[in-house]
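Reviewing the structure listed below.
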There are 2 protein chains.
Amino acid sequence: MTDVQDRKRRAGGRAGNKARAGSAVIDQMPWRIPVNPDRPTEPLDADGVQRIHRGAMTILSDIGIEFLNPEAAEILRRAGCIVTGTNVRMDESFVMEMLTHAPDSFAISPRNVARRVIMGGKHMLFGNVSSPPNAWDLERGKRSGDMATFREFTKLTQYFNCIHLNGGYPVEPVDVHASVRHLDCLHDQLTLTDKVVHAYSLGAERVEDVMEMVRIAAGLSPSEFDASPRMFTNINSVSPLKHDYPMLDGAMRMARRGQPVIVTPFTLAGAMAPVTMAGAVALSLAEALAAIALLQYIAPGCPVAIGTFTSNVDMKSGAPAFGTPEYMRATQMTGQLVRFYGLPLRSSGVCAANVPDGQSMWETSNSLWAAVQSRTNLVYHAAGWLEGGLIASPEKFVMDCEVLQMIQRYFEEATFATSPDDIALDAIREVGAGGHYFGCQHTQDRYQTAFYAPFASDWRNYEAWQADGSHWTPERAHRIYKQILAEFEPPDMDHTAREELTRFVARRKQEGGAPTDF
Amino acid sequence: MTDVQDRKRRAGGRAGNKARAGSAVIDQMPWRIPVNPDRPTEPLDADGVQRIHRGAMTILSDIGIEFLNPEAAEILRRAGCIVTGTNVRMDESFVMEMLTHAPDSFAISPRNVARRVIMGGKHMLFGNVSSPPNAWDLERGKRSGDMATFREFTKLTQYFNCIHLNGGYPVEPVDVHASVRHLDCLHDQLTLTDKVVHAYSLGAERVEDVMEMVRIAAGLSPSEFDASPRMFTNINSVSPLKHDYPMLDGAMRMARRGQPVIVTPFTLAGAMAPVTMAGAVALSLAEALAAIALLQYIAPGCPVAIGTFTSNVDMKSGAPAFGTPEYMRATQMTGQLVRFYGLPLRSSGVCAANVPDGQSMWETSNSLWAAVQSRTNLVYHAAGWLEGGLIASPEKFVMDCEVLQMIQRYFEEATFATSPDDIALDAIREVGAGGHYFGCQHTQDRYQTAFYAPFASDWRNYEAWQADGSHWTPERAHRIYKQILAEFEPPDMDHTAREELTRFVARRKQEGGAPTDF
């Protein structure tokens, strides 16, 4: 019902769009938190789940994980783990006990609470591409990321209703000094968007600064901020078998203030992980669970999630591959295990392609459908990613959003509803043999909302498409992103909060920002 | 095991490829019949299945189907159906009784029995694009189909091991007169390929000629030909609610000789079918079941299958859309019902895009993953389709084959196996923290066959890709298809059979071929 109302409001046309700032360029789907109704695809039987679980537990208890953060190692020693230098071994009962504290679902509320997201259950969120050092577009080709480009992607992140949150920086603005980059970036993310933001766990100052900025932007007291999730961080282990200092430091700071931590080992099978996919998954889970056990011991009940970033390399060149059959199965297997552990799951929208061409879309489609099949709760890098994460592309961003919207529509019950109105026997009787359904009342009552309406796809025949300039998909996406940026209007923001945020940034810049010796 | 052996043989390199004619251009996967291990995605619960079933049965019993073939109508009248002019109504008990005769699976053996295919169960077959009137390639753009282009696509069909059979004509050779087109086309399909072929049900002479040609090419006696499936036809109803004369005529001729008939209603929701997907599916099933009941009454136990071609139109323009969310759900729902009826399922690899760009691949990927999720047994149009079936493209053919190979690999148990060797605890222990897996024995023993090896994807980084000419996917596919054609060698064929085939074609041409007044 909500859906029907939303679609009707949308069908209300451009005049009705004013409430959604900047959305006049294309006729996009309204903001919503998609709910995945499908039973997951599960390649493992119950024994297979147990074998990977046992593998992960054996890694944790017999081989151990390196915690390159003395505070973390000391905490785990006190918790009863066996600590030998930086090596920490923990047994199954400790890990499983810690997991009982972790929530299977949690909400994160940004400064605009209407943009609250739910992480867990059957909910599925999409975040923008995060952390590429470079940008590419049809006009300018490949070039280093800069602050102007960062802002372009941040505006796209805000514009598209199917993008639910800011991941990391959509492109690294290398023209801003690393000591103050987080201040400028978060200032822009918090003012150009009203969606959830992320802090990189790269040193105490950065994490603390970003938490403070999120608190200020939302007009919260420190205790209000601590009371519930307002942002998140994503940390990566240094596979195989290591957690580094700053990532653990940031994760612990976030957990102590009740802010969500996603732990995502980057395990490329054949490079940082076993060449066999089940082994790569077991290693990845062991690394993730080690950090999550630590966080649950420090702050029982703090919101956490497991991320999967298990793919394979090209064994000829060593290059990372994405959206492969092996990637899909690893994602599905991780989904099964993460449900076994009762945690939310993050995966990604990824490809190895260098430009937004056919390969980029079959690889990204493979990774997105694997996300659906694994019941992923948060798809990181869901829009704009190219070259194995080294390039952010605005054309790819627009193209990916078309696919994300199709996934949202695919989830809607209307596409598989079987009420008498859906079976439509009266219409079938009325139209009869050889008739046409377009004119019948059953169609007229529904045609505006019956089907997914694309914004980047061109469904015209060849001749109409040719007469209009023969624009291939990236060219159409280029035009769309340019128009979105030209007409972009930032979301409303409380004036006082905004001024305080600006003052905070200025003060912290004066103080020198964060150290860059990490 | 067979898989491992096959992959090893393949890894034996180009010298070992001689046995597989023409396969030296790319390092492709060996011929195999893929088996889909996944549980299907089922949007309908048991009640939903029953509601669509009841809808289809009500259409058949209360509204009826037009059979524009007097012989078919008369047979159904004798069978106890209610026939009023061309309108035939049949009740559920008759339909369900006829379905008990139909096999849930059958094999089709072409002249080279090593190319035998299985239709049904968890088997999944891929056929080439069928019936576009036009071709498009990067060099020549869009143009009418001709015999030279027909031969190019037929060679691609033979070359790729992931293409298991010839569908209809991969492009219509409009430069050959319609009266003799079937003779020239089948002659070339039967000599340039050794895979299963298809007959269009477009008049008695065409069907009879093609059955005779298939019999001759395989060196079979008429009774040997009749004894088991050697080829197939695919008929479409004229939706809504009609079966035309020639399609039914061809289907009955095929069924009487034990040759498989796929019945594929072309039901575009909002045009030839209700705007609601469950209604479009119910209509489609009613039309398919009507023809199948007829065929089972005529020849109990004859091999049949249901095809789904339910998609939606663009409600703004009326243009057909493919690979949409609605298309995916319709395919999955049809899969559930077709399993309920105990029949094999055909679906398609389809898109609305006009060129082999990003849109073409997300739409085709959507339709191919829907095929996997619905447990489709035969994917028609699996390679080479553009512009809603109005264009066949060799670049798209090559690109699609990359995706088809990935699906084949995705089905392999190796991608989700959980033996101790797969969990790889010894390797994880050996490599330890911070090490690299490339050098360890566990990797060395497996690296040649561990991962899918692509032929059209470019996994190099941007700079290496740029230094090599910055070729986007269709450009790489263009080069590959040209090289395949340049090096193509037709498969072996018995000399006597070939001569007899050529004589048959010459004689039938002298006789004037088939009438063209259909």
Side-chain angles (χ1 to χ4, degrees), chain A residues 38 41 43 48 51 55 58 63 66 142 241-242 274-279 282-283 312 314-315 319 321 324-326 329 352 354-359 361-362 365 369 387 399 403 406 409-410 415-416 418 422-425 427-429 433-434 443 446-447 450-452 457 459 462 465 472-473, chain B residues 38 41 43 48 51 55 58 63 66 142 241-242 274-279 282-283 312 314-315 319 321 324-326 329 352 354-359 361-362 365 369 387 399 403 406 409-410 415-416 418 422-425 427-429 433-434 443 446-447 450-452 457 459 462 465 472-473:
Chain A
D38 286 355
T41 299
R51 280 194 286 269
T58 305
I63 301 173
E66 303 291 314
K142 185 175 177 179
L241 300 174
K242 271 189 199 173
V275 74
T276 42
M277 300 317 291
L283 177 72
N312 59 287
D314 177 6
M315 292 310 283
T324 61
E326 293 81 12
R329 289 302 192 190
N354 292 306
V355 280
D357 59 359
Q359 179 190 332
M361 295 318 299
W362 75 57
S365 289
W369 285 114
E387 202 200 358
M399 291 160 68
V403 178
M406 284 196 282
R409 171 62 180 165
Y410 167 88
T415 61
F416 52 88
T418 53
D422 290 295
I423 308 285
L425 284 177
I428 293 171
R429 202 184 308 269
T443 304
R446 292 165 179 79
Y447 80 96
F451 308 130
Y452 175 69
S457 300
W459 289 350
Y462 190 92
W465 169 83
W472 289 45
T473 311
Chain B
D38 286 355
T41 300
R51 280 192 285 268
T58 305
I63 301 174
E66 303 292 314
K142 185 175 179 179
L241 299 176
K242 270 189 201 174
V275 74
T276 43
M277 299 318 290
L283 177 71
N312 60 286
D314 177 6
M315 294 309 284
T324 60
E326 292 82 11
R329 289 302 192 190
N354 292 305
V355 281
D357 59 359
Q359 179 190 334
M361 295 317 300
W362 76 57
S365 289
W369 285 114
E387 203 200 356
M399 292 161 68
V403 179
M406 284 195 282
R409 171 62 181 166
Y410 167 88
T415 60
F416 52 88
T418 54
D422 290 296
I423 308 285
L425 283 177
I428 293 170
R429 203 183 308 269
T443 304
R446 291 166 180 79
Y447 79 97
F451 307 130
Y452 175 69
S457 299
W459 288 352
Y462 189 91
W465 168 84
W472 289 45
T473 311

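Proteins come first, then strands; the chains are lettered A, B, ... in the order of their sequence lines, and each starts at number 1.
Side chains of A/T443 and B/M315 form a contact here, defined as non-hydrogen atoms less than 4.5 Å apart. A 4.5 Å side-chain heavy-atom check between B/E326 and A/R409 finds at least one atom pair inside the cut-off.
Taking CE of B/M277 as the start and CZ of A/F451 as the end, the distance is 6.0 Å to the nearest 0.5 Å. Between the CG atom of A/L425 and the OG1 atom of B/T58 there is a distance of 5.5 Å, given to the nearest 0.5 Å. The CZ atom of A/R429 sits 11.0 Å away from the CG atom of B/L241 when rounded to the nearest 0.5 Å.
With chain B as partner, the option from A/S365, A/P356, A/A427, A/G434 having the largest number of non-hydrogen pairs under 4.5 angstrom is A/G434. For the set A/Y447, A/W362, A/W459, the entry with the most heavy-atom pairs within less than 4.5 Å of chain B is A/W362. Of the listed residues A/N312, A/D314, A/I428, A/V275, the one with more heavy-atom pairs under 4.5 angstrom with chain B than any other is A/V275. Your options are B/G55, B/A352, B/G358, B/A424, and the one with the most heavy-atom pairs under 4.5 Å with chain A is B/G358. Chain B forms the most heavy-atom pairs under 4.5 Å with one residue out of A/T415, A/L283, A/T324, A/D357, and that residue is A/D357. Contact count against chain A (heavy-atom pairs under 4.5 Å) is highest for B/Q359 among B/K142, B/K242, B/Q359. Of the listed residues B/A433, B/A321, B/A319, B/P43, the one with more heavy-atom pairs under 4.5 angstrom with chain A than any other is B/A433.
Annotation for B/I423 and A/R51: closest pair CD1-O, 3.8 Å, computed over non-hydrogen atoms.
Every residue two or more places apart in sequence or in another chain that forms a side chain to side chain contact (heavy atoms under 4.5 Å, CB included) with A/N354 is listed here: A/E387, B/Y462, B/W465. Considering only residues two or more places apart in sequence or on other chains, B/F416 meets the ring-ring contact (aromatic ring centres under 6.0 Å, His included) condition with none of them.
Heavy atoms closer than 4.5 Å to chain A are found in the side chain of B/W369, but not in its backbone. Both the backbone and the side chain of A/S457 come within less than 4.5 Å of a heavy atom of chain B. With a 4.5 Å cut-off on non-hydrogen atoms, A/W472 touches chain B through its backbone and its side chain both. Looking at B/D38, the atoms closer than 4.5 Å to chain A (heavy atoms on both sides) all sit in the side chain, from C-beta outward.
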